[in-house]
Number of protein chains: 2
Amino acid sequence: MAYSIAEAARRSGLSIDTLRYYERIKLLDPPARDSAGRRAYSETDLAWLQFLTKLRTTGMPIRRMREYATLRRRGAATAGRRRAILVEQRRSVAERIAELQSCLDVLDYKITNYERLEHGHAAGIQEASA
Amino acid sequence: MAYSIAEAARRSGLSIDTLRYYERIKLLDPPARDSAGRRAYSETDLAWLQFLTKLRTTGMPIRRMREYATLRRRGAATAGRRRAILVEQRRSVAERIAELQSCLDVLDYKITNYERLEHGHAAGIQEASA
DNA sequence: CTACGACCTGGAGCGCGCTCCAGGTCAACA
DNA sequence: TGTTGACCTGGAGCGCGCTCCAGGTCGTAG
């Protein structure tokens, strides 16, 4: 089963332009072409794309994703280095989650304060940095 | 107590350039100046700055932080709208955390797979999209 | 046969959030 | 008195990750 670029875009949630862009910067191996020279993405292409978007979602910079893609192209011998990249990324995601969680606490605190203000219990003091 | 721009930068974790930039784009009210015309940040300025950096950490775009800053400048009457912004941001942070958590699961899965590969239990199948 | 729409290429442009630079002022210190 | 160093201003530049554009080629539908 092969997918047109429009279909691949729809399925991956990326834009057509982004798909071509990813190919240009070597994140994506050039997909097959149909008889008219149009891109024909395979299931494997889509699976890889899906993984890439996961990495992007975690905030991995494209430069690093390229590094990973390059290693992947070189085969099984690079598995250790690829794993190391993922382990590092896992660390950074966990850290980021913790950071966001702490911001969430600040937001909750502020929101609670606003609610107190609006219910007439004019606290006042917090308003300075509100 | 007043702080030089260098000191304010150190305490906020932002660069000196970023502090001036934030002032320029009206995120920050112009701080007091000393006799020589140099910026002199107050405790209040620093507290606001600290809150701003929290918002930035949550990924709030500067455009939206400006909106918040503008409302804040207009005083108590805008409290409801400020609260609404924070509530929306809380929602978006919670969503982001969930998203990251799900990516974390994918990373864990992949990493486990790599570890299996390296321990000789050649699974093979996963290598296609690894 | 033509006209449409999806696709192609190479390259320019954009929005964001800073970051850096040139050229200048000022106060303190040797 | 002269030099240093922190600070000032307005404005240009940058890295990132796309996004858009012009101009062209196909293949199907009317």
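Order of the sequence lines sets the chain letters (A, B, ...), proteins ahead of strands, with each chain counted from 1.
Nearest heavy-atom pair, B:Thr53 versus B:Ser12, reported as atom, atom and distance to 0.1 Å: CG2-O, 4.2 Å.
Within 4.0 Å of B:Arg20, counting heavy atoms only, lies at least one base atom of the nucleic acid. Nucleic acid contact class of A:Arg24 (heavy atoms, under 4.0 Å, all strands): base.
Put simply, chain A comes within 4.0 Å of DNA chain C, heavy atom to any atom, from C:dC7 to C:dG11, going 5' to 3'.
The side-chain heavy atoms of A:Glu23 and A:Pro31, taken from C-beta on, include a pair separated by under 4.5 Å.
DNA chain D is contacted by both A:Met60 and B:Ile5; B:Ile5 maps to the nucleotide lying nearer its 5′ end (nearest heavy atom per residue). Taking for each of B:Tyr21 and A:Ser4 the nucleotide of DNA chain C with the nearest heavy atom, the 5'-most of the two is the partner of A:Ser4. Between A:Arg56 and A:Ala36, the residue anchored closer to the 5' end of DNA chain D is A:Arg56, taking for each the nucleotide with the nearest heavy atom. Residues A:Ala40 and A:Asp17 both approach DNA chain C. Their nearest nucleotides, taken by heavy-atom distance, put A:Ala40 toward the 5′ side.
A donor-acceptor contact closer than 3.5 angstrom links the side chains of A:Arg82 and B:Tyr114. Side chains of B:Ser42 and B:Asp45: a donor-acceptor N/O pair is present below 3.5 angstrom, by distance only.
Taking a 6.0 Å sphere around CZ of B:Arg33, one finds it holds more than 12 heavy atoms contributed by other residues, nucleotides or ligands.
No donor-acceptor pair under 3.5 Å is formed between the side chain of B:Arg39 and the backbone N or O of B:Ser4.
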